[in-house]
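Heavy-atom basis, side chains included; hydrogens, waters and symmetry copies ignored.
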Amino acid sequence: MKLFLATLLASTAVFSAALAGETLDKVKARGSLVCGVSEGIAGFSAPDSTGTWAGMDVDFCHALSAAILGDATKVTFKPLTAQNRFTALQSGEVDILSRVTTYTLTRDTALGLDFGAVLFYDGQGFMVPAKLNITSARELDGATICMQTGTTNELNVADFFRSIGKPFSPLAIEDVNELNNAFFNSGRCDVYTGDTSGLAAWRSSLAQNKDDYVILPELISKEPLAAAMRHGDQQFGDIVRWVGFALIEAEEKGITQANADEMKSSADPTVQALLGVSPGLGKALGLDEAWALNAIKAVGNYGEIFERNVGAKTPLGLQRGTNALWNKGGLIYAPPAR
């Protein structure tokens with residue numbers, strides 16, 4: 001009870017501070033955006049050998065910086081664990097959390113967070129060594145299953161095995177390097193569970209041969225991944241949501257990183273409004289009218305971001321699937337930009 005009250009009071013304090021709309025002011029005064037990311041998940045947020053961060057979550061932070069500050073490079077990336085990410089956001093240590101984070105009811109309420117546009121629809125799955133010849137998660141009777149502490153994975157796994165009436169042994173580890181070692185190297189667990197995109201990322205970056213590991217077909221949860229920000233700061237929340245929607249709308253309208261300037265001559269009123277030719281959207285958000293144009297020129301449209309980081313030609317090799325545009329059989333959809 002004491003822990004609950006302390007968390008509630010802390011969340012209330014964050015909520016009261018956020019009402020002032022201070023996040024945008026702080027970002028502008030600082031001249032940079034502080035973005036909370038993962039400790040290193042290929043395709044989403046990971047540093048290369050030179051320390052340069054890349055991935056879908058990283059690109060979104062660059063787009064947000066371009067929209068707010070007119071410069072996509074004005075971002076400081078802070079790696080966070082699954083366990084400490086929400087505390088870092090609530091305390092103001094980071095301005096935004098762009099870290100493969102699932103949008104859930106309790107995170108939206110009890111934790112005092114708001115969420116941006118869903119930019120990746122995922123689901124929790126299981127990965128096993130191919131040599132085990134397992135083809136379905138229903139065959140995992142009594143398996144030892146590795147998962148990361150502080151995620152939705154733990155509850156989802158318990159619910160799944162309860163539903164199929166089979167036992168399992170959980171091995172929950174906070175440190176992602178220790179977790180990967182437990183599965184890929186030391187054999188402490190038979191199965192690795194997590195979002196399927198994350199499993200594909202670890203398989204591509206850590207396994208000697210990715211064909212040695214199989215991601216089973218079952219999805220046991222819905223994991224809509226979105227950027228998170230502190231609850232109550234409505235202006236900053238609007239900006240985060242609409243930068244995401246702008247990248248989606250750009251793909252639908254055929255606006256790319258390469259042709260964004262040329263598309264300003266389009267006769268399409270939606271394109272004119274989005275790119276600032278017809279003023280109004282920038283003012284509504286408290287930004288320059290070139291906010292969306294700057295974001296698109298910085299990182300490209302949603303489809304470009306997806307294909308560059310996790311698409312079929314990357315080591316992850318993911319198909320668009322549910323992450324295709326709504327008019328191409330997927331769930332990616334933006335409200336009207338008007």
Side-chain angles (χ1 to χ4, degrees), residues 21-35 56-76 95-96 98 114-120 226-229 233-309 323-328 332-338:
E22 62 182 17
T23 306
L24 181 61
D25 292 338
K26 283 185 176 181
V27 170
K28 287 183 174 181
R30 189 193 304 125
S32 66
L33 176 75
V34 181
C35 187
M56 287 192 72
D57 291 339
V58 169
D59 278 352
F60 182 70
C61 292
H62 284 306
L64 191 60
S65 176
I68 294 173
L69 301 170
D71 188 338
T73 68
K74 301 297 185 181
V75 185
T76 299
D95 300 313
I96 184 170
S98 186
D114 282 339
F115 287 86
V118 174
L119 296 179
F120 196 94
M229 48 280 187
D233 194 336
Q234 296 180 0
Q235 183 183 20
F236 189 69
D238 288 343
I239 291 169
V240 172
R241 273 184 289 276
W242 281 99
V243 168
F245 290 142
L247 300 174
I248 293 169
E249 187 75 11
E251 182 183 7
E252 184 174 342
K253 293 295 184 179
I255 307 168
T256 68
Q257 187 175 27
N259 73 9
D261 280 323
E262 297 174 18
M263 289 293 287
K264 289 191 291 184
S265 63
S266 170
D268 186 327
T270 298
V271 173
Q272 290 183 346
L274 189 65
L275 298 182
V277 177
S278 300
L281 298 185
K283 181 179 180 181
L285 292 170
L287 299 177
D288 187 276
E289 293 296 342
W291 65 279
L293 175 65
N294 291 337
I296 298 163
K297 288 173 67 174
V299 298
N301 64 40
Y302 176 82
E304 291 178 291
I305 294 168
F306 184 99
E307 296 299 341
R308 177 170 62 247
N309 292 296
N323 293 298
L325 292 177
W326 67 280
N327 55 6
K328 294 185 178 179
I332 299 297
Y333 188 101
R338 60 174 63 171

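Salt bridge status for D261 with K297: present, with a side-chain N to carboxylate O gap under 4.0 Å. Using a cut-off of 4.0 Å between Lys/Arg side-chain N and Asp/Glu carboxylate O, E304 and R308 are scored as not salt-bridged. One finds no salt bridge joining D25 and K28 here, because no Lys/Arg side-chain nitrogen approaches an Asp/Glu carboxylate oxygen to under 4.0 Å.
Annotation: side chain of Y302 is in contact with side chain of N323 (closest heavy-atom distance under 4.5 Å). With a 4.5 Å cut-off on side-chain heavy atoms, L274 and K253 do not count as touching. Residues I296 and L275 have side chains in contact (heavy-atom distance under 4.5 Å, counting atoms from C-beta outward). Counting heavy atoms from C-beta on, the side chains of M229 and T23 never come closer than 4.5 Å. Using a 4.5 Å cut-off on side-chain heavy atoms (C-beta onward), F60 and L247 make contact. In this structure, V271 and V277 have side chains that are not in contact, with every pair of non-hydrogen atoms separated by 4.5 Å or more.
For the atom pair CG (L64) and CG (L69), the distance works out to 8.5 Å, reported to the nearest 0.5 Å. Atoms CD and CD1, from E251 and I305 in turn, are 9.5 Å apart once rounded to the nearest 0.5 Å. Rounding to the nearest 0.5 Å places CD1 of I239 at 9.0 Å from CH2 of W291. Note that OG of S32 and CG of D95 are 7.5 Å apart. Values are rounded to the nearest 0.5 Å. Annotation: the span from L285 atom CG to D238 atom CG amounts to 6.5 Å, rounded to 0.5 Å. Taken to the nearest 0.5 Å, the CG atom of L33 stands 12.5 Å off from the NZ atom of K74.
The backbone N or O of T73 lies less than 3.5 Å from no partner atom in the side chain of S65, so there is not a single donor-acceptor pair. Between the side chain of S98 and the backbone N or O of D57, at least one donor-acceptor pair lies under 3.5 Å. In this structure, D233 contributes its side chain and D114 its backbone to no donor-acceptor pair below 3.5 Å. For N301 (side chain) and I255 (main-chain N/O), a donor-acceptor pair under 3.5 Å exists by modelled atom type. Here the side chain of E249 pairs no donor or acceptor atom with the backbone of P336 at under 3.5 angstrom.
Enclosure of atom CZ in R338 is not indicated, since only 12 or fewer non-hydrogen atoms of other residues, nucleotides or ligands lie within 6.0 angstrom.
The aromatic rings of W326 and Y333 sit perpendicular to each other, their planes meeting at more than 60°, with 30° as the lower class boundary. Using cut-offs of 30° and 60° on the angle between ring planes, the pair W242 and F245 is perpendicular.
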